[in-house]
Amino acid sequence: MAAEGTLTSTGYIKHHLQNLTFGMHPENGLSFAHTAEEAKEMGFWAIHVDTMFWSVFLGALFLWLFRKVAKSATSEVPAGFQNFVEVVIEFIDNNCRDTFSAKNNLVAPIALTLFVWVLLMNTMDLVPVDWIPMVASLLGIEYMKVVPTTDPNATFGLSLSVFALMIYYSIKVKGAGGFFGELAFQPFPKWMFPINLFLEGVSLLSKPVSLSLRLFGNLYAGEMIFILIALMYSGGVVLAVGGGILQWAWAVFHLLIVLLQAFIFMILTIVYLDMAHQHH
Amino acid sequence: MNINLTLIGQSIAFAIFVWFCLKFVWPPIIKALEDRKTRIAEGLAAADEGLRAKDKAEEEVEERLKEAREQAKDIIANAKKQGEGVVEEARNEARSESERILKSARAEIDQQIHQAREELRKEVVKIALDGAEQVLMREVDSKAHSDTLEKLASGL
């Protein structure tokens with residue numbers, strides 16, 4: 001599978017952690033990167049095609065399913081899939097009502113999108129690590145990383161969008177002066193404003209960073225363990241059987257992480273947006 | 001694990017998804033949920049209202065029944081009283097009727113007595129005349145002696 005043809009453990013792992021990158025290479029021009037080095041050389045103006053494809057595919061899947069229910073939603077007795085969608089919607093709605101105190105119609109749809117989308121992206125982690133890359137390699141695609149949330153680009157993309165909304169609502173609700181005052185005039189007295197500014201600035205900036213790194217770190221670690229377990233399949237019958245059991249056990253445990261991280265991402269987003277709406 | 005354009009691509013995708021969700025997914029579903037909530041609340045309220053109406057109707061039925069029972073009692077009492085009156089009246093009527101009949105019978109008897117006496121008188125006059133004729137062996141001028149005879153007859 002690796003470009004060199006020989007399959008080493010390191011090569012296997014590295015291959016699994018490489019995104020399918022498309023961009024402008026200084027020497028090869030507009031092309032797919034064949035190695036990690038080439039991908040790095042493309043710099044910022046490159047795109048992870050696999051991350052984009054899977055995330056957009058899953059997001060579209062989510063919206064398609066929910067839109068189908070939304071179109072036929074009635075106040076009659078719900079049936080089948082409508083039940084499930086209503087449970088999810090009510091769950092999100094309750095969380096928003098409990099956590100978000102101001103009035104903003106955008107927050108609930110954001111929370112719903114984040115929760116279901118991140119959950120679907122995380123769930124891709126439960127697909128055995130070699131299945132989709134194997135099919136992709138048969139189709140001539142060299143690299144295929146199927147879990148978008150193990151790509152920091154994806155998680156930062158989400159968290160920075162949330163961050164932008166936080167800044168926007170902070171200024172909209174409190175005004176630019178009020179927002180600055182919140183950063184500069186507390187927790188210490190006003191004359192210590194440089195220290196205040198530094199403390200509050202760090203705490204503000206750490207929000208999107210922690211939000212995205214938490215999700216990325218959890219999923220990346222989970223993915224890594226799946227890859228390590230998958231290595232055992234090449235180590236003889238005993239190790240392969242052990243690997244099968246381990247993979248099952250880890251998948252069961254990972255189910256919890258998949259759901260929990262999606263929930264945490266959603267609830268923290270609501271909390272941050274709530275803080276942006278609040279006067280201190 | 002490079003940070004690159006994917007970051008912006010993801011943000012754009014996220015924005016589009018949220019917009020779609022805000023426009024086409026969230027409102028209809030939440031509206032259906034709210035509608036159902038209202039309908040259930042209305043249904044429960046209607047059920048309560050129905051129960052209350054039932055209780056009221058039962059009370060009214062009870063009241064009506066009581067009224068009817070009292071009316072029936074009154075009617076029966078009246079009927080009894082009226083019946084007694086009718087019997088009394090009939091008795092009075094019968095009494096007066098019997099008296100009337102008795103009186104008329106008495107009058108008839110009197111009349112018959114009178115008639116019989118009259119006939120008897122005539123008979124006696126005739127017998128007396130016959131007897132006197134036979135005694136005198138001659139015809140008595142009834143006209144000439146009628147006064148006497150009359151006097152005689154009225155003496156009977």
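Letters A, B, ... mirror the listed sequences (proteins, then strands); counts begin at 1.
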Shorter than 4.5 Å, heavy atoms on both sides: which option in [options] has the most such pairs with chain B?
| options | answer |
| --- | --- |
| Asn105(A), Val56(A), Thr21(A) | Val56(A) |
| Asp93(A), Ile92(A), Val49(A), Thr51(A) | Asp93(A) |
| Pro78(A), Ser72(A), Ala36(A), Ala60(A) | Pro78(A) |

Part of residues 10-18 of chain B lying next to chain A, heavy-atom separation under 4.5 Å: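 Counting heavy atoms that sit under 4.5 Å from chain A, the residues of residues 10-18 of chain B involved are Gln10(B), Ser11(B), Ala13(B), Phe14(B), Phe17(B), Val18(B).
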Any residue of residues 32-45 of chain B which, by heavy atoms, sits under 4.5 Å from chain A: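 Listed by number: Ala32(B), Leu33(B), Glu34(B), Asp35(B), Arg36(B), Arg39(B).
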Minimum side-chain heavy-atom gap Ile8(B)-Phe44(A) below 4.5 Å: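 SC-SC contact between Ile8(B) and Phe44(A) confirmed.
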Leu63(A) side chain reached by Cys21(B) side chain, heavy atoms, under 4.5 Å: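 They are in contact (side-chain heavy atoms under 4.5 Å apart), so the answer is yes.
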Engaged part of [X] at the chain B interface, taking heavy atoms whose separation is under 4.5 Å:
| X | answer |
| --- | --- |
| Ile89(A) | both |
| Thr74(A) | backbone |
| Val85(A) | side chain |
| Glu76(A) | both |
| Ser159(A) | neither |

Residues which pass side-chain contact (heavy atoms from CB on, under 4.5 Å) with Arg69(B), listed by chain and number, not counting sequence neighbours: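 Applying side-chain contact (heavy atoms from CB on, under 4.5 Å) to Arg69(B) gives Leu65(B).
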Calculate, to the nearest 0.5 Å, the distance between atoms [atom1] and [atom2] belonging to [X] and [Y] respectively.
| X | Y | atom1 | atom2 | result |
| --- | --- | --- | --- | --- |
| Phe20(B) | Trp64(A) | CZ | CH2 | 12.0 Å |
| Leu22(B) | Leu112(A) | CG | CG | 11.0 Å |
| Lys71(A) | Phe24(B) | NZ | CZ | 10.5 Å |
| Ile30(B) | Glu90(A) | CD1 | CD | 7.5 Å |
| Leu106(A) | Trp26(B) | CG | CH2 | 11.5 Å |

Can you give me every donor-acceptor pair (side chain of residues 71-96 of chain B, partner residue at least two apart or in another chain, under 3.5 Å) with its distance?
{"residue": "Ser96(B)", "atom": "OG", "partner": "Asn92(B)", "partner atom": "O", "Å": "3.4"}
{"residue": "Ser96(B)", "atom": "OG", "partner": "Glu93(B)", "partner atom": "O", "Å": "2.8"}

Check: Thr6(B) side chain, His48(A) main-chain N or O, donor-acceptor pair, under 3.5 Å: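 At least one qualifying donor-acceptor pair exists.
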N/O donor-acceptor pair under 3.5 Å between Asn153(A) side chain and Asn4(B) backbone: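 Checking the backbone N and O of Asn4(B) against the side chain of Asn153(A), a donor-acceptor pair under 3.5 Å is found.
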Gly157(A) to Leu7(B) - nearest heavy-atom pair and separation: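 For Gly157(A) versus Leu7(B), the nearest heavy atoms are N-CD1, 3.4 Å.
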Heavy atoms from other residues, nucleotides or ligands near CZ of Phe81(A) exceed 12 (cutoff 6.0 Å):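 Result for CZ/Phe81(A): enclosed.
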